[in-house]
Amino acid sequence: MPEYILIFIRALFSFLVLLLMTRLMGKVQLSQLTFFDYVVGISIGSIAASLSIDQNIELLNGVIGILIWGLLPILISVINLKSYRFRQLTEGQPTVIIENGNILERNMKKERINVDELMLLLREKNAFKLSEVEFAVFETNGKLSVMKKTTPSALPPNPLNVTAEQEHDPRLVIMDGSVMEQTLRDMGYTKEWLLGEVKKQGANDYSDVFFAQLTSDGALYVDLYRDQSRQIPVSQMLLVQATIEKVQADLRTFSLETDNPAARKMYEEQAQRLATLSELLQPYLKG
């Protein structure tokens, strides 16, 4: 068989195998290309190219190599869907570059971003002034997500002259049923308060929550694992229980924040009374 026909057959076969693996790996590999996906793509392409023209490589060996490089990312993506910690290990975490209008130089050095590159990424988001950026995150796919500050010019006409409250960066406080405790503490909230809020939206515990985002004004967006549970009205008993837990958590927070010994003692006593009341009402609230 002539050599050029053999190369044509091997190249066609490599192309078909590569097309199959691309379809199996899904559209996410194209829309959200991470550094790991980039390396995998180069490796698979290199194997396919070598398999097409290098007759010293056995056809079966080349196909096995492509399958291994193609199936392993699929397996990792399946595990990523089920485990937040494993996803952190394989994909890393987004890095905050600008917070509350301030550039975090240490995080820029960590991601090896200089000022020129930062300005380029900001201009791609139509943010030409650093002063107009409230929050910016360097994502795991190498892109920059930007939230601009709320300015009077960006607001509709205000005949009542009501001043709009400055919105700061929203934070994830629950992901895959796990509470981001450090983030919650940085925003000045407690786990007891958070539990009371998610219960108001139909969850029984943190493990029922797939995703929760908290804004600076205390508004909480909750997405449950089972979205249909959102359509079930929350009973008044559960609302009472959640309200008691929220007030109790607020009282404990007030006792920690005040420097007045008498006020601290009062807050602690009232929190203890609410705890006793909650225990007494527990059998009725579950009904």
Side-chain angles (χ1 to χ4, degrees), residues 80-89 92-96 99-100 104 135 137 147 165 167-227 229-230 232-261 263-287:
N80 282 342
L81 292 175
K82 299 179 179 298
S83 173
Y84 170 69
R85 295 188 182 278
F86 187 80
R87 187 161 66 247
Q88 282 185 309
L89 179 65
Q93 286 183 305
T95 303
V96 178
E99 185 174 27
N100 297 331
L104 306 182
F135 192 65
V137 180
M147 185 179 78
E165 181 181 356
E167 180 184 358
H168 299 288
D169 54 290
R171 302 287 188 90
L172 294 180
V173 290
I174 299 179
M175 180 176 289
D176 292 342
S178 300
V179 180
M180 310 299 166
E181 298 187 26
Q182 185 60 50
T183 302
L184 196 62
R185 286 194 295 268
D186 292 343
M187 298 188 73
Y189 295 93
T190 63
K191 290 183 67 176
E192 292 81 6
W193 175 86
L194 181 61
L195 181 60
E197 290 298 309
V198 298
K199 283 185 176 180
K200 287 182 180 179
Q201 302 199 36
N204 294 321
D205 197 6
Y206 303 120
S207 58
D208 295 333
V209 181
F210 171 65
F211 174 93
Q213 186 181 54
L214 182 63
T215 61
S216 57
D217 58 358
L220 184 69
Y221 171 81
V222 176
D223 183 84
L224 304 179
Y225 273 111
R226 295 180 298 174
D227 290 333
S229 61
R230 215 179 246 286
I232 302 175
V234 182
S235 69
Q236 292 297 321
M237 294 182 181
L238 288 178
L239 286 176
V240 170
Q241 182 180 6
T243 303
I244 292 176
E245 291 174 354
K246 179 181 181 301
V247 174
Q248 184 180 353
D250 290 341
L251 288 172
R252 288 174 178 169
T253 302
F254 296 156
S255 68
L256 295 174
E257 292 177 347
T258 183
D259 295 328
N260 190 323
R264 183 183 299 112
K265 181 180 179 181
M266 179 192 67
Y267 288 136
E268 291 175 352
E269 289 177 351
Q270 296 301 325
Q272 186 59 41
R273 288 182 180 179
L274 276 179
T276 303
L277 177 62
S278 179
E279 291 180 1
L280 294 174
L281 294 177
Q282 200 68 29
Y284 304 99
L285 295 177
K286 289 182 177 180

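Note that the structure is a prediction, hence the values are computed from the model and not measured. Computation of the quantities below employed the complete heavy-atom set of this structure, encompassing side-chain atoms and omitting hydrogens, waters and symmetry-equivalent molecules.
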note = When rounded to the nearest 0.5 Å, the distance separating CG of Leu251 from CE of Met266 is 8.0 Å

task = Flag the pair Lys265 and Glu268 as a salt bridge only when some basic side-chain nitrogen lies within less than 4.0 angstrom of an acidic carboxylate oxygen.
result = no

inquiry  = Test of understanding: with salt bridge (Lys or Arg N to Asp or Glu O under 4.0 Å), list the residues that count as partners of Glu181, not counting sequence neighbours.
reply    = Arg185, Lys191

query = Which pair of heavy atoms, one from Asp208 and one from Asn204, lies closest together, and at what distance?
reply = OD2-N, 2.8 Å

message = Going by the rule side-chain hydrogen bond (donor to acceptor under 3.5 Å, both in side chains), which residues pair with Asp186 if we only count those two or more places apart in sequence or in a different chain?
response = Gln182

ask   = Can you tell me how far NZ of Lys199 sits from CG of Leu195, rounded to the nearest 0.5 angstrom?
value = 4.5 Å

task = Identify the two heavy atoms, one from Leu220 and one from Ala212, that lie closest to each other, and give their separation to 0.1 Å.
result = CD1-CB, 4.3 Å

inquiry  = Does Leu184 form a side-chain contact (heavy atoms from CB on, under 4.5 Å) with Thr190? I'd like the steps, not just the answer.
reply    = CA-CA 7 Å; Leu184 196 62; Thr190 63; 5.8 Å; no

inquiry  = Is it the case that the side chain of Glu192 and the backbone of Arg252 share a donor-acceptor pair, with hydrogens and angles ignored and the cut-off at 3.5 Å?
reply    = no

query = If you look at every heavy atom in Glu99 and Leu104, which pair is closest and at what distance?
reply = OE1-CD1, 3.9 Å

key: Which atom of Val173 lies closest to which atom of Leu194, heavy atoms considered   = CG2-CD1, 4.0 Å

ask   = Do Tyr267 and Arg264 have side-chain heavy atoms sitting under 4.5 Å apart?
value = no

Nearest-0.5 Å distance that lies between atom CD in Gln270 and atom CG in Asp250 = 13.5 Å

